[in-house]
Amino acid sequence: MARRFSAPYQTEPVSSLASWARNLAVFAVVAVLVSILVVRFGFLEPKPALVTFFGGLAIAGLSILFGLAGFAAIWQNGSRGMARILLAFLIDGAILAYPAYLALQYRKLPAIHDITTDPIDPPRFDALARLRTGDGANSAVYAGLYSAEQQRHFYPDIEPIELEIPVDRAYAIALQLVNKRKWLVIDERAPQPPRRIGRIEAVARTPIMGLREDISIRVVPDGEDSRVDIRSASRYFDSDLGSNAARVTKFIDDLNTAADADALKPVKKTPVAPPKAPAKTVKK
């Protein structure tokens with residue numbers, strides 16, 4: 001083994017397998033990055049672009065196989081190329097780590113893509129319906145009984161939001177949370193009881209691929225209080241890997257917190273001006 005670090009070792013040829021492992025790893029990262037950019041900026045529909053993405057993952061796996069074969073060859077014949085193999089493994093690990101985590105999530109979580117606080121009468125997609133008509137897009141109609149049963153089993157804490165504040169304040173706070181999250185608002189209609197309920201329709205995007213997930217929020221009066229329902233549904237694919245449930249759960253928590261803080265604010269009283277004294281009449 002000592003000869004591998006001596007001067008004669010420097011004249012040994014570089015293992016072709018090591019070179020292939022590095023080159024494939026570089027090609028894989030380029031393919032993955034290009035597919036992500038294509039989806040995020042909408043150059044193609046997500047499904048064709050994801051073919052390139054999964055192709056890049058397959059190439060990264062092939063790079064690992066070439067790297068292992070190159071390592072065995074170097075161990076046997078003393079050729080060079082370990083640095084190239086280590087670089088390939090580093091790139092492949094960076095590419096495959098997050099998809100491997102998502103694969104585990106896919107095995108653990110239900111294959112549903114439509115989450116709502118009210119499965120009986122979910123908030124509708126009105127303005128968003130026209131955006132869910134492309135090739136391979138999921139329907140704007142709620143996913144149905146199977147989705148509701150799976151949601152109740154895996155996400156039992158997702159329920160309607162009952163707030164002890166007036167409906168106009170509930171709507172304002174919900175809209176503020178939507179804007180804070182930088183969701184793209186497609187339509188907003190403030191409540192006007194009893195004629196019109198409050199609605200907010202918006203689009204969120206997943207962190208890496210930027211896949212669109214549509215959101216509808218409904219705000220209705222409940223006596224002097226209010227009730228808020230939210231629906232979040234992936235525009236593409238049958239499984240959301242838990243992203244919609246996580247979004248709805250976080251929105252529920254933040255809305256309850258903001259509403260509680262709003263309810264504790266002291267009511268600003270308009271100062272009442274003292275009555276003017278009647279003008280004195282001077283007797284002549």
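Heads up: numbering here begins at 1 and tracks the sequence.
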Donor-acceptor pairs under 3.5 Å, side chain of residues 62-72 to any protein atom, not counting sequence neighbours: which ones?
| residue | atom | partner | partner atom | Å |
| --- | --- | --- | --- | --- |
| Ser63 | OG | Ala21 | O | 2.6 |
| Ser63 | OG | Asp92 | OD2 | 2.8 |

| Inter-residue atom distance Asp222.CG - Ile165.CD1, 0.5 Å rounding | 12.0 Å
| said: Given 3.5 Å as the limit, does a donor-acceptor pair link the side chain of Ser243 with the main chain of Asp240, or not? | reply: yes
| Polar side-chain atom of Gln151 near backbone of Pro156 as donor-acceptor pair, under 3.5 Å | no
| message | If the condition is salt bridge (Lys or Arg N to Asp or Glu O under 4.0 Å), which residues does Asp214 pass it with, not counting sequence neighbours? | response | Arg132, Arg235
| Is the backbone N or O of Ala127 less than 3.5 Å from a side-chain atom of Glu201, with the two atoms forming a donor-acceptor pair by type? | yes
| query | Counting only heavy atoms not in Glu149, do more than 12 sit closer than 6.0 Å to its CD atom? | reply | yes
| field | Any residue meeting side-chain hydrogen bond (donor to acceptor under 3.5 Å, both in side chains) with Thr206, in chain and number order, not counting sequence neighbours | value | none
| query | Do Tyr155 and Pro110 have side chains that get closer than 4.5 Å, going by heavy atoms? | reply | yes
| request: Sequence neighbours left out, what passes salt bridge (Lys or Arg N to Asp or Glu O under 4.0 Å) with Asp260? Give chain and number order. | output: none
| Between Val167 and Val220, what is the shortest heavy-atom contact and its length? | CG2-C, 3.7 Å
| field | Taking every non-hydrogen atom, the tightest pair across Ala140 and Phe125 | value | O-CD1, 3.7 Å
| message | Pairing donors with acceptors under 3.5 angstrom, does anything connect the side chains of Arg84 and Ser19? | response | yes
| task | Give a yes or no on this: more than 12 heavy atoms of other residues, nucleotides or ligands lie within 6.0 Å of atom CH2 of Trp183. | result | yes
| task | Would you kindly confirm whether Tyr171 and Ile197 end up in one hydrophobic cluster when ILVMFWY residues are joined by side chain heavy atoms under 4.5 Å apart? | result | no
| Arg195: partners by side-chain hydrogen bond (donor to acceptor under 3.5 Å, both in side chains), with sequence neighbours left out | Gln192
| query | Quick one: do Met209 and Leu57 end up in the same hydrophobic cluster if we chain Ile, Leu, Val, Met, Phe, Trp and Tyr together by side-chain heavy atoms under 4.5 Å apart? | reply | yes
| field | Distance, nearest 0.5 Å, that separates CD1 of Ile74 from CZ of Arg80 | value | 10.0 Å
| said: If hydrophobic clusters are built from ILVMFWY residues whose side chains come within less than 4.5 Å, do Tyr106 and Leu96 share one? | reply: yes
| field | Atom pair CZ/CG of Arg22 and Leu86 - distance to nearest 0.5 Å | value | 13.0 Å
| task | Report the residues that fulfil side-chain hydrogen bond (donor to acceptor under 3.5 Å, both in side chains) with Tyr236, sequence neighbours left out, ordered by chain and then residue number. | result | Glu45
| note | Per salt bridge (charged side-chain N to carboxylate O under 4.0 Å, His left out), Asp118 is matched among Arg124, Arg231, Arg227 by Arg227
| Got a donor-acceptor contact below 3.5 angstrom from the Asn244 side chain to the Asp114 backbone? | no
| Side-chain donor/acceptor of Arg218 to backbone N/O of Ile230, under 3.5 Å | no
| field | Test item: Glu188 and Arg199 side chains (from C-beta on) under 4.5 Å apart, heavy atoms | value | no
| message | Looking at every non-hydrogen atom in both residues, tell me the closest pair between Pro99 and Phe53 and how far apart they are. | response | CG-CZ, 4.2 Å
| task | Answer with yes or no whether the hydrophobic clustering places Val141 together with Leu128; edges join I, L, V, M, F, W, Y residues whose side-chain heavy atoms lie under 4.5 Å apart. | result | no
| Are the side chain of Asn138 and the backbone N or O of Phe237 linked by a donor-acceptor pair below 3.5 Å? | yes
| task | Return each pair, listed once, that meets salt bridge (charged side-chain N to carboxylate O under 4.0 Å, His left out) where at least one residue sits in residues 168-177; pairs must be two or more places apart or across chains. | result | Arg169-Asp262
| Rounded distance (nearest 0.5 Å) linking atom CD1 of Ile161 with atom CD1 of Ile158 | 10.0 Å
| request: Compare all side-chain heavy atoms of Leu163 with those of Asn256 and state whether any distance is below 4.5 angstrom. | output: yes
| salt bridge (Lys or Arg N to Asp or Glu O under 4.0 Å) partners of Glu213, counting only residues at least two apart | Arg247
All N/O donor-acceptor pairs, side-chain side in residues 172-182, below 3.5 Å, sequence neighbours left out:
| residue | atom | partner | partner atom | Å |
| --- | --- | --- | --- | --- |
| Asn179 | ND2 | Leu175 | O | 3.3 |
| Arg181 | NH2 | Asp254 | OD2 | 2.4 |

In a table with atom names and distances, give each donor-acceptor pair under 3.5 Å that connects a side chain of residues 26-42 to protein atoms at least two apart or in another chain.
| residue | atom | partner | partner atom | Å |
| --- | --- | --- | --- | --- |
| Ser35 | OG | Ala31 | O | 3.3 |
| Ser35 | OG | Val32 | O | 2.7 |
| Arg40 | NH1 | Pro207 | O | 3.1 |
| Arg40 | NH1 | Ile208 | O | 3.1 |

| request: Go through the structure and list residues passing salt bridge (Lys or Arg N to Asp or Glu O under 4.0 Å) with Asp187, not counting sequence neighbours. | output: Arg189
| request: Side-chain contact test, heavy atoms from C-beta onward, threshold under 4.5 Å: evaluate it for Val228 versus Leu255 and give yes or no. | output: yes
| query | Under a 4.5 Å cut-off applied to non-hydrogen side-chain atoms, are Asp157 and Thr249 in contact? | reply | no
| message | For the OG atom of Ser216 and the CD1 atom of Ile200, what is their distance to the nearest 0.5 Å? | response | 9.0 Å
| query | Checking Ser226 side chain against Pro221 main chain: does a donor-acceptor pair fall under 3.5 Å? | reply | no
| query | In chain order, what residues pass the side-chain hydrogen bond (donor to acceptor under 3.5 Å, both in side chains) check against Arg152, with sequence neighbours excluded? | reply | none
| Shared ILVMFWY cluster between Leu109 and Ile112, side chains joined below 4.5 angstrom? | yes
| How long is the gap from CD1 on Ile91 to CG on Leu24, to the nearest 0.5 Å? | 11.0 Å
| field | Nearest heavy-atom neighbours spanning Val219 and Ala170 | value | CG1-CB, 3.9 Å
